[in-house]
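Have a look at the structure below before the remarks.
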Protein chains: 2
Amino acid sequence: MATLKDISVELGLSVATVSRALNGFPEVGAKTRSRVQDAAARLGYRPNRSAQRLATGRSGVVGMIVKLRADMSADQTFFDVLTTLTAELAARDLDLVLSVDQGDDPVAPYARMLERDLLDGFVLNAPATGDPRPGFLMARGVPFVMHGQADPAPGYAFFGIDNTAVSVDSVGLLASLGHARIALINGEPRFAFAAEREAGFRAAMTAEARAVPAAFIADGPPTESTGYTLALSWLSGRAGPRPTAILCATTPVAAGVLRAARDLGLSVPRDLSVVAHDDALPNIRPAHFNPALTVTHAPLRDACAPLAEMLIDHLNGAPAARLQTVKRAGLIVRASTGPVPKGEEHPWQIP
Amino acid sequence: MATLKDISVELGLSVATVSRALNGFPEVGAKTRSRVQDAAARLGYRPNRSAQRLATGRSGVVGMIVKLRADMSADQTFFDVLTTLTAELAARDLDLVLSVDQGDDPVAPYARMLERDLLDGFVLNAPATGDPRPGFLMARGVPFVMHGQADPAPGYAFFGIDNTAVSVDSVGLLASLGHARIALINGEPRFAFAAEREAGFRAAMTAEARAVPAAFIADGPPTESTGYTLALSWLSGRAGPRPTAILCATTPVAAGVLRAARDLGLSVPRDLSVVAHDDALPNIRPAHFNPALTVTHAPLRDACAPLAEMLIDHLNGAPAARLQTVKRAGLIVRASTGPVPKGEEHPWQIP
DNA sequence: CCGATTTCTCAAAACGTTTTGAATTCTTTT
DNA sequence: AAAAGAATTCAAAACGTTTTGAGAAATCGG
């Protein structure tokens, strides 16, 4: 293993200059820099992490924690984010340590990892309403960035999408097509994104002067069977007049809704319009659904590069208030949405 | 943060002595050692990892890689092992870095992690037949331990169970109950454990002079539906005379088999005996199946402490040949096995 | 061509530990 | 009581980087 000193004796320079040359410091001459870079490449120099870390006081490692469900399974979407994030961080010379947790206490695994004190910071995922993790970490002065947003006006760094707008835009599209009875299959309510989506949905429906009975706002795990089960019960008409449109939290949920409609002999979009939010997981293509699915579109992986960037800035001392981004999801209209069926334009009556 | 020097000035000792005292070196006096330990506790001393690593040349971090399936899901059993292993390693001052991979090349993710050169070694899981990873890592002199065994007489460290014996013992039990037509629902054949189980099964059946038609040795993902589907087709009698006993690779598979028997109005163990191998996942209790399931029993988590211990020994220079353990699974006879039904004692006829 | 900048380079200190080789103290033996 | 030996302890070097504070070389204006 070649060291800085090896390069320095090779070129008759000091290690200080070699270090600066390789780290892109401005005060080193262009000619010297390229000589150093050549030598480094030629000798196969690779910086010794441990030495860098000792000198800088940083470990170069950030942590992330997966919360396992009771059945030991993990969130479908988690790994998609994880792989991309790992790559983005690696490209910036940070390593990601993953820890799994199955306990009840949301902060305990973070405390445990901090104790091992290997970490410079954290990436938080799956923010919940009233999430205790930001407070815990901020109280200890531990840098972190959150994928999503647990609080309305957070004092921490985060990158998320505008979940209120997701609902508002979807409802707006459907309302413009004349729909009045729109139902919502939401994410599990403990997650902050689901709370925001529901709030947006209610606000938008109220703005259209359409009340929604409690029975037509439901939630569940983001699976096909959730969509199938709920849609089947709604479309059978037992819970009251059928919705003419259904908003789905995820594309697998929408797949279930489409199957339920098919099983009941309903045609989409003639009898029913379906809109979903699309996290753009690599193995699910709503454009290839039958019919092609109208979605709000916001790839989860798109968050990874900004999150990595923010975390680094944060570690370098940037104040959290500057590291907050909310992205707006795009609305992609495909074939699963159409005009409200004739004679079905009336809203639900709330008793 | 208190350092060694802080302690040394506090006590009027040298840092060398303090270091030795804390690291349990034998040449430090008992009185001095306890004084040092007291002071360390009092000052809240915590060793600086980076400094330790620089001095020892070790990173204190080992890696593990999850292979994701095409649908981005991970192996059910993986997380069980992962959590326990993380804890066992942490207890020995090692951190575990997890990386996820979805590519085709089995060694590429290892090469990538080595390049980041943060790691002292690896834990390998899910050995496949002809697994290229051991060769790759050994060629580079990278220490690792394998959970399981990819080769008959490996030159590397591993901890696994005797999968041949799993089949032999199960067949032995059933044969002693008079069963002659025993079918096997195995794990996916690319995994080494499945190959061993099948070999053991064939050998044991041959030893009992019972031939098994190809149709009655099948495999699939370790799920309930795999068991259900295969058992349903076998027990319907379409593929030939019904088996009187079924060996299952996992307990979820056995659950599917039991359901199939129930759906067909067959009683277990009167009409059909069922044996499974039990990995002892925390959320599945074969003792509470109906009927309680006869199993070969080998908790996956039991491998974690030995694996951690072996890896540390290996990192400290112990030769791999000494770090090889094969454990024999226990046979637990419960209520899902019974004597062969009257008149069903004859084996399959191979055309 | 001289002094004043500016640009570049250097030697040395620092980071906190482990390890080496020698020096000191304590114990035993003669 | 001195010598030998064992048991402790010590100072210093080493690990490979980053960073500091100065110094040397190059460039500039006059």
Side-chain angles (χ1 to χ4, degrees), chain A residues 1-40 43-61 93-95 116-120 312 315-317, chain B residues 1-37 39-40 43-61 93-95 116-118 120 312 315-317:
Chain A
M1 263 299 91
T3 73
L4 281 189
K5 182 182 279 180
D6 293 336
I7 301 181
S8 77
V9 304
E10 171 93 2
L11 299 177
L13 290 171
S14 74
V15 288
T17 305
V18 174
S19 172
R20 306 186 114 103
L22 291 174
N23 289 341
F25 279 58
E27 64 263 44
V28 53
K31 209 174 81 185
T32 311
R33 165 158 301 145
S34 66
R35 279 210 312 150
V36 169
Q37 286 169 333
D38 282 0
L43 300 180
Y45 169 76
R46 294 246 296 283
N48 178 315
R49 300 292 192 133
S50 303
Q52 281 183 322
R53 284 158 197 186
L54 179 58
T56 58
R58 297 253 209 87
S59 75
V61 180
D93 264 324
L94 280 185
D95 290 295
R116 313 237 344 103
D117 79 348
L118 173 77
L119 297 184
D120 291 339
I312 287 190
L315 292 176
N316 289 334
Chain B
M1 265 299 92
T3 73
L4 282 189
K5 183 181 279 181
D6 294 336
I7 300 180
S8 77
V9 305
E10 172 93 2
L11 299 178
L13 290 170
S14 74
V15 287
T17 305
V18 175
S19 172
R20 306 187 114 102
L22 291 174
N23 289 340
F25 279 59
E27 64 264 44
V28 53
K31 209 174 82 183
T32 312
R33 167 159 299 147
S34 67
R35 281 210 309 149
V36 169
Q37 286 168 336
L43 300 180
Y45 169 76
R46 295 244 295 283
N48 179 315
R49 301 284 191 144
S50 303
Q52 281 183 322
R53 285 160 197 185
L54 179 57
T56 59
R58 296 252 210 89
S59 73
V61 179
D93 263 326
L94 280 185
D95 290 295
R116 316 239 339 106
D117 82 349
L118 172 78
D120 291 339
I312 289 192
L315 291 177
N316 288 335

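Values below: every heavy atom of this structure, side chains too, minus hydrogens, waters and symmetry copies. Reminder, nothing fancy here: chain letters follow the sequence lines and each chain counts from 1.
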Nearest whole angstrom, please: distance from the [atom2] of [N] to the [atom1] of [X].
{"X": "A:K31", "N": "C:dT7", "atom1": "NZ", "atom2": "P", "value": "18 Å"}
{"X": "A:R33", "N": "C:dC8", "atom1": "CZ", "atom2": "C1'", "value": "11 Å"}
{"X": "B:E27", "N": "D:dA6", "atom1": "CD", "atom2": "P", "value": "15 Å"}
{"X": "A:F25", "N": "D:dT17", "atom1": "CZ", "atom2": "P", "value": "14 Å"}

Taking five pairs at each end of the helix from C:dC1-D:dG30 to C:dT30-D:dA1, what angle separates the two helix axes (nearest 10°)? 40°

For side-chain contact (heavy atoms from CB on, under 4.5 Å), just list the numbers for A:V15 and A:S19, CA-CA rounded to whole Å, side-chain angles, deciding distance to a tenth of an Å, and then say yes or no. CA-CA 6 Å; A:V15 288; A:S19 172; 6.0 Å; no

What are the residues of residues 1-19 of chain A, sorted by number, that bring a heavy atom to within less than 4.0 Å of DNA chain D?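 Nucleic-acid contacts, sorted: A:T3, A:L4, A:A16, A:S19.
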
Does A:Q52 offer a backbone N or O that forms a donor-acceptor pair with the side chain of A:T56 under 3.5 Å?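 Yes, because the side chain of A:T56 sits within donor-acceptor range (under 3.5 Å) of the backbone of A:Q52.
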
Side chain proximity check, A:V61 to B:V61, heavy atoms < 4.5 angstrom: no

Are the side chains of B:L94 and B:L315 in contact, using a 4.5 Å heavy-atom criterion?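 A side-chain contact under 4.5 Å exists here.
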
Can you pull out the residues from residues 43-60 of chain A that lie within a 4.0 Å heavy-atom distance of DNA chain C?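 Heavy-atom contacts with DNA chain C come from A:L54, A:A55.
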
Apply side-chain contact (heavy atoms from CB on, under 4.5 Å) to the pair B:I7 and B:R35, showing each step before the final yes or no. CA-CA 10 Å; B:I7 300 180; B:R35 281 210 309 149; over 6 Å; no

